[in-house]
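Hydrogens, waters and symmetry mates are skipped; everything else that's a heavy atom, side chains included, is used.
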Amino acid sequence: MQAVKLRLDGVTVALVSQQTGLSSPTVSAAWKAFREGGWAAVPVRPRGRLKGQANVLDAAIQQRLWEALYASPPAEQPGWSSADLVAFLRDEHGVELTQRGIEHWWESQGLKHEPWPLSALAKQRSQRGRWYRQAVAPRFDRLEEASQRWQGGVRRVAHPQRPVYQLYFHGPRGRLWMRCFKCPPVADDYLAAMQALIGKSEESNRPVALVFHGAWLSASPQVTAWLAQQTMFWLVPVPADMGLAS
């Protein structure tokens with residue numbers, strides 16, 4: 001069924017075969033069966049792949065994706081989104097892939113960070129609940145739209161083949177942007193991402209707030225001086241002992 005879902009997304013038979021591990025004739029047969037008889041006609045058989053094992057992309061495509069993630073993101077973006085990577089592969093390499101395919105690959109590489117359910121902390125009688133009510137809620141309550149409320153952080157990803165430090169940002173509806181580094185990011189890297197968030201707020205002339213986890217940004221004189229000059233950007237650091245998963 002996954003093969004048919006990918007074909008419905010417009011993925012070519014060749015790429016579906018790469019992503020699912022099925023042969024091209026099998027993909028074509030499943031697609032033909034669906035067109036002629038709907039989902040009930042699609043043959044579903046047990047396969048040898050282990051439960052939870054990620055879809056497989058061609059090694060060359062994976063290398064191009066890593067090269068993009070290690071490079072600067074598109075202009076005015078805090079990082080690479082799945083839509084940005086789809087456009088990059090199409091425009092620079094002539095490769096057609098869906099956002100769903102990119103996000104499956106993120107998950108297989110340990111890159112798919114999930115947003116924290118911050119609103120669920122509002123009524124918790126705990127340290128995290130008190131922090132949310134005292135530090136986050138007063139900022140968020142002053143912002144009219146969800147697009148003004150951001151989450152972000154930095155973390156070390158335990159990847160078996162390469163060094164990966166990841167800056168990640170969640171925007172409206174939990175949409176994920178990211179940028180990767182071979183060494184821990186420096187002040188200029190954080191500032192470039194935060195400036196991109198300000199750029200998004202300038203479109204509506206409204207401030208944005210960023211709840212940020214994983215770095216002690218106030219220890220950087222460069223970041224501290226920059227933050228002191230901002231009127232459209234509010235940074236809410238997450239205490240190191242807060243227990244939010246990174």
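Listed for the Gln148 side chain is a donor-acceptor partner under 3.5 Å among the backbone atoms of Pro207. Without hydrogens or angle criteria, Arg149 side chain to Leu143 main chain gives a donor-acceptor distance under 3.5 Å. Between the Arg133 side chain and the Gln124 main chain, a donor and an acceptor come within less than 3.5 Å of each other. Using a distance-only test at 3.5 Å, with no hydrogens or angles considered, no donor-acceptor pair links the side chain of His159 to the main chain of Pro163. Side chain of His213 to backbone of Arg155: no donor-acceptor contact under 3.5 angstrom is found.
Atoms CZ and CZ, on Arg125 and Arg130 in that order, are 9.5 Å from each other to the nearest 0.5 Å. Taken to the nearest 0.5 Å, the CZ atom of Arg64 stands 8.5 Å off from the CD atom of Glu67. The CD atom of Gln195 lies 6.0 Å from the CD atom of Gln230; values are rounded to the nearest 0.5 Å. Of the inter-residue distances, the one linking Glu76 atom CD with Ile198 atom CD1 reads 13.0 Å to the nearest 0.5 angstrom. The CG atom of Leu97 sits 4.5 Å away from atom CD1 of Ile102, with the distance rounded to the nearest 0.5 Å. Here the straight-line distance linking atom CD of Gln151 with atom CZ of Phe169 works out to 11.5 Å at 0.5 Å rounding.
Judged by a 6.0 Å distance limit and a 45° cone about the ring axis, Lys182 is positioned over the six-membered ring of Tyr70.
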Exercise for review: Just do the side chain to side chain contact (heavy atoms under 4.5 Å, CB included) check on Leu111 and Leu69 with the steps written out, would you?
Suggested key: CA-CA 11 Å; Leu111 299 173; Leu69 290 175; 3.8 Å; yes
Check your understanding: Given Val157 and Tyr165, is the side chain to side chain contact (heavy atoms under 4.5 Å, CB included) satisfied, shown in steps?
Key -> CA-CA 6 Å; Val157 177; Tyr165 293 85; over 6 Å; no
Exercise for review: Evaluate side chain to side chain contact (heavy atoms under 4.5 Å, CB included) for Val95 paired with Arg90, printing each intermediate quantity in order.
Suggested key: CA-CA 5 Å; Val95 174; Arg90 181 187 64 241; over 6 Å; no
Point to revise | Pair Trp234-Val208, side chain to side chain contact (heavy atoms under 4.5 Å, CB included): steps then yes or no | key: CA-CA 6 Å; Trp234 303 331; Val208 295; over 6 Å; no
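Salt bridge Arg206/Glu145: present, at least one basic N to carboxylate O contact under 4.0 Å.
Put simply, the side chain of Ser218 does not reach to within 4.5 Å of the side chain of Val223, judged on heavy atoms. Leu227 has its side chain within reach of Phe233: a pair of non-hydrogen atoms, C-beta onward, lies under 4.5 Å apart. At a threshold of 4.5 Å between non-hydrogen side-chain atoms, the residues Leu118 and Val211 count as touching. Side-chain contact between Trp150 and Phe212 is absent, with no heavy atoms from C-beta onward closer than 4.5 Å. Side-chain contact between Val164 and Phe181 is absent, with no heavy-atom pair separated by less than 4.5 Å. You'll find the side chain of His170 reaches within 4.5 Å of the side chain of His113, heavy atoms only. Put simply, the side chain of Trp116 does not reach to within 4.5 Å of the side chain of Leu121, judged on heavy atoms. Side-chain contact between Pro185 and Val154 is present, with at least one heavy-atom pair separated by less than 4.5 Å.
Linking Ile, Leu, Val, Met, Phe, Trp and Tyr whenever their side-chain heavy atoms come within less than 4.5 Å leaves Met178 and Val186 in two separate clusters.
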Show me the donor-acceptor pairs, under 3.5 Å and distance only, between side chains in residues 77-88 and residues at least two apart or in other chains.
from: Gln77; atom 1: OE1; to: Trp177; atom 2: NE1; distance (Å): 3.2
from: Gln77; atom 1: OE1; to: Lys200; atom 2: NZ; distance (Å): 3.1
from: Trp80; atom 1: NE1; to: Ala68; atom 2: O; distance (Å): 2.8
from: Trp80; atom 1: NE1; to: Ala71; atom 2: O; distance (Å): 3.4
from: Ser81; atom 1: OG; to: Ala83; atom 2: N; distance (Å): 3.4
from: Ser81; atom 1: OG; to: Asp84; atom 2: N; distance (Å): 3.1
from: Ser81; atom 1: OG; to: Asp84; atom 2: OD2; distance (Å): 3.0
from: Ser81; atom 1: OG; to: Arg175; atom 2: NH2; distance (Å): 3.4
from: Ser82; atom 1: OG; to: Gln99; atom 2: NE2; distance (Å): 3.1
from: Ser82; atom 1: OG; to: Glu103; atom 2: OE2; distance (Å): 2.9
from: Asp84; atom 1: OD2; to: Ser81; atom 2: N; distance (Å): 3.2

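Residues Trp66 and Trp105 place their aromatic rings such that the two centres sit under 6.0 Å apart.
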